[in-house]
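In what follows, every chain begins at residue 1, and chains take the letters A, B, ... in the order their sequences are listed.
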There are 2 protein chains.
Amino acid sequence: MTKANVRKSPEQTQQQVLSATLQLFTQKGYFNTSVRDIARESQVSIGSIYHHFKDKEGVASAMYNGLLERMTETLEDVQRGNSSAHDRCRAVIEILFKVTEDEPQVMEFMMYSKHREFLPDEKPICSAQPFVLMREMVAQGIESGEIQDLDLMVASSCLYGGAIRMITSRLDGIIEKSLLEYVDSVWSCSWRSIAANK
Amino acid sequence: MTKANVRKSPEQTQQQVLSATLQLFTQKGYFNTSVRDIARESQVSIGSIYHHFKDKEGVASAMYNGLLERMTETLEDVQRGNSSAHDRCRAVIEILFKVTEDEPQVMEFMMYSKHREFLPDEKPICSAQPFVLMREMVAQGIESGEIQDLDLMVASSCLYGGAIRMITSRLDGIIEKSLLEYVDSVWSCSWRSIAANK
DNA sequence: GTCTATACGACGATAGAC
DNA sequence: GTCTATCGTCGTATAGAC
């Protein structure tokens, strides 16, 4: 009775902090967000934040790696659930559009922040696991003959580049309708750009 | 003799500041760069910097708008120097690759920083003049029948998206060769993705 | 116009009680 | 594990001499 006056589990506390942090970082950016802001929004005291995370950078790092991991699992599901490069890559674009619509902050933080400015020890995002997986799908398509025998970076950039620009445009507010309405037309352009001639 | 003890023109002083600022912002980011840093690197005192620019944000703003203007002029040249959408858009991609190779900091600052975090009053970059021009070229191509009758955002994203990803990958160091070696293959993919069927 | 010195506030991080 | 109060640092911006 003396100790357990608060019913929050440690995991719950951490999750509250990470959730508030995601909101704040995507709204105002890392440097415009103070640890005090995080404490206020998450209803967790500064002391507790520093107890659970080494420092402010530690909060950002935990969040970043958590989101990368989630995204990696999603992409692994896509890989398992489809057999051809064509179907896999299309499913990837559909999933990315879906996440953009359902959790725009997640997409914003993953694809659209300059992590190196506040996480100097992380690899650039395009070297991170999800992007590696996306390129692997393209590589398999080249091997199987579905995709033209292009340089891997060229093929990946052309296949995913259009979709990624649609995502950033949507996050910037210059596309008003849901991205899901554009899946078909974007995909048919993207695939045509690199598909082997039958 | 009493007044003119320094032979620098005001324009030169401003240019020194802007040049040092571009280096610092692309190396360390806006928030990791202090006005003291700018003063040291540009050999201009803090007082003079605040005399010429309203504040730190003013320095960033002057630099950003200057670069946007330069880029706009370049694209207007491209527009005048070519007649078909095909030739114009190809020339745009070639110019963007060239700038990336010759002045990577310019490209980095223009396309790859989160301006809204430190220039909250600026429009998102994809609404800025150079991007508008790029989309206009696509719109003309749709009108003339060179390009399929797609949604303008879809067509622009697919046409330029591959090239833009090549640029960011190059800036991130995951492409080692000069982008100029990739112009032909990127362009043939990009154009194929949206070209009308003859 | 250019400079140096300084005021002022905010932030990250810690100490230490509970 | 959680909290409040506080410390020291650093960054922006200004004042005022030249």
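Summary of helix geometry: the two end axes of the helix from C:dG1-D:dC18 to C:dC18-D:dG1, each defined by five base pairs via their C1' atoms, are inclined to each other by 0° (rounded to 10°).
The separation between A:F53 atom CZ and C:dA13 atom P is 14 Å, rounded to whole Å. Following rounding to the nearest Å, A:N32 (CG) and C:dA10 (P) show an atom-to-atom distance of 14 Å. Rounded to whole angstrom, the span from the NE2 atom of A:H52 across to the P atom of C:dA13 amounts to 17 Å. Put simply, CD on B:Q15 is 16 Å from P on C:dG1, counting in whole angstrom units. Between the CD atom of A:Q16 and the P atom of D:dT2 there is a distance of 10 Å, given to the nearest Å. Atom CZ of A:F118 and atom C1' of C:dC11 are 17 Å apart (whole Å).
Remark: B:T13 is in phosphate contact with C:dT2, judged by side-chain N or O atoms under 4.0 Å from OP1 or OP2. In terms of phosphate contacts, A:S48 brings a side-chain nitrogen or oxygen within less than 4.0 Å of OP1 or OP2 of D:dC3. At the phosphate of C:dG1, OP1 or OP2 sits under 4.0 Å from a side-chain N or O atom of B:H51.
Other residues, nucleotides and ligands contribute only 12 or fewer heavy atoms inside 6.0 Å of the CZ atom of B:R70. Within 6.0 Å of the NZ atom in A:K114, the count of heavy atoms belonging to other residues, nucleotides or ligands exceeds 12. Around atom CG of A:D102, more than 12 heavy atoms belonging to other residues, nucleotides or ligands sit under 6.0 Å away.
For the side chain to side chain contact (heavy atoms under 4.5 Å, CB included) test, residues two or more places apart in sequence or in another chain that qualify with B:R40 are B:D37. Taking A:D172 as the reference, A:Y112 meet the side chain to side chain donor-acceptor pair (under 3.5 Å) condition, with sequence neighbours excluded.
Residue pairs meeting the side chain to side chain donor-acceptor pair (under 3.5 Å) criterion with at least one partner in residues 118-139 of chain A, sequence neighbours excluded, are A:N65-A:E122.
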Walk me through whether B:K56 and B:Y30 qualify under side-chain contact (heavy atoms from CB on, under 4.5 Å). CA-CA 9 Å; B:K56 184 183 175 185; B:Y30 177 87; 3.6 Å; yes
Where along nucleotides 10-17 of chain D does protein come under 4.0 Å, by heavy atom, of base (B) or sugar-phosphate alone (S), with - for untouched nucleotides? -BBBB---
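Taking the six-membered ring for Trp, B:H115 and B:F109 have ring centres closer than 6.0 Å.
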If you look only at distance, which donor and acceptor atoms sit under 3.5 Å apart when one is on a side chain in residues 17-24 of chain A and the other is two or more places apart or in another chain?
from  : atom 1 : to     : atom 2 : distance (Å)
A:T21 : OG1    : A:V17  : O      : 2.7
A:Q23 : OE1    : A:Q105 : NE2    : 3.3

